[in-house]
Amino acid sequence: MQLLYSAMSPFARKARVVAFELGLAERLELVPATPYTDESLRAINPLSKIPILVPDAGEPIFDSPVICEYLEHLAGVSLTPASGPERWAALTQQALADGMGDAALAIVRERLRDGDQRQDLFDRQAAALNAALDKLEAEGLSADRFQIGEIAVAAQLAYLDGRKVLDWREGRPNLAAWYETASRRTSMVATAPHQV
Ligand SMILES: N[C@@H](CCC(=O)N[C@@H](CS)C(=O)NCC(=O)O)C(=O)O
């Protein structure tokens, strides 16, 4: 199966870390894609967003939460608590992290824009990022497990660093310490942008 991805995409990174944690990384053929410039991607995902998983048989799968669920199904191993409050907490943590990615990406795209940049856009997206980071700092992340919620958060923190979006460690010692450990996991090291 193929994963249409870019090395910097935090959503693709999440899917790749999940594949790695599930022992499926070798079955993923990584195919670089450029969603902002390659209109041919729309035939595979009308939204022209990556990641997209193209299974050996069947229709393309997106977006990243669905790809992760598909990979879990394929491996016969779940990285999401099966039921109860823990399940909804993990899925909500993933949604929070993915939303951080949307905000970070909006900031990065706006910075790249020629001409007047919109301060209101920077302010609103930074507010979302900072509030999400504060929530993660206050609530803490599990040190004992590295499942869908933790993976999603780690992928987004790595992106904030990679694109120098903001200094998220400032005033957030718990999150910084958690990430320090998480970023040393084999799956995170193996999927770091410079490894591709
Ligand atoms: N919700 C999507 C977000 C994917 C996404 O925004 N990907 C970016 C690259 S990191 C993209 O392809 N953007 C192209 C665009 O917005 O036109 C997911 O979780 O996969």
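Note that ligands are numbered from 1 as they come in the structure, with each ligand's atoms numbered from 1 the same way.
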For this session: Check salt bridge (Lys or Arg N to Asp or Glu O under 4.0 Å) between Arg42 and all other residues, then give those that pass, not counting sequence neighbours.
Result: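 Salt bridge (Lys or Arg N to Asp or Glu O under 4.0 Å) check on Arg42 returns Glu39.
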
Step through the shown structure and confirm whether more than 12 heavy atoms of other residues, nucleotides or ligands are within 6.0 Å of [atom1] on [X].
{"X": "Glu170", "atom1": "CD", "result": "no"}
{"X": "Arg27", "atom1": "CZ", "result": "no"}
{"X": "Glu137", "atom1": "CD", "result": "yes"}
{"X": "Glu110", "atom1": "CD", "result": "yes"}

Exercise. In terms of ring plane angle, is the pair Trp168 and Tyr179 parallel, tilted or perpendicular, where the classes change at 30° and 60°?
Worked result: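 If you compare the ring of Trp168 with that of Tyr179, the planes turn out perpendicular.
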
Exercise. List by chain and number: which residues place a heavy atom under 4.0 Å from ligand 1?
Worked result: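 Residues near ligand 1: Ser9, Pro10, Phe11, Pro35, Tyr36, Ser48, Lys49, Ile50, Pro51, Asp63, Ser64, Pro65, Leu105.
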
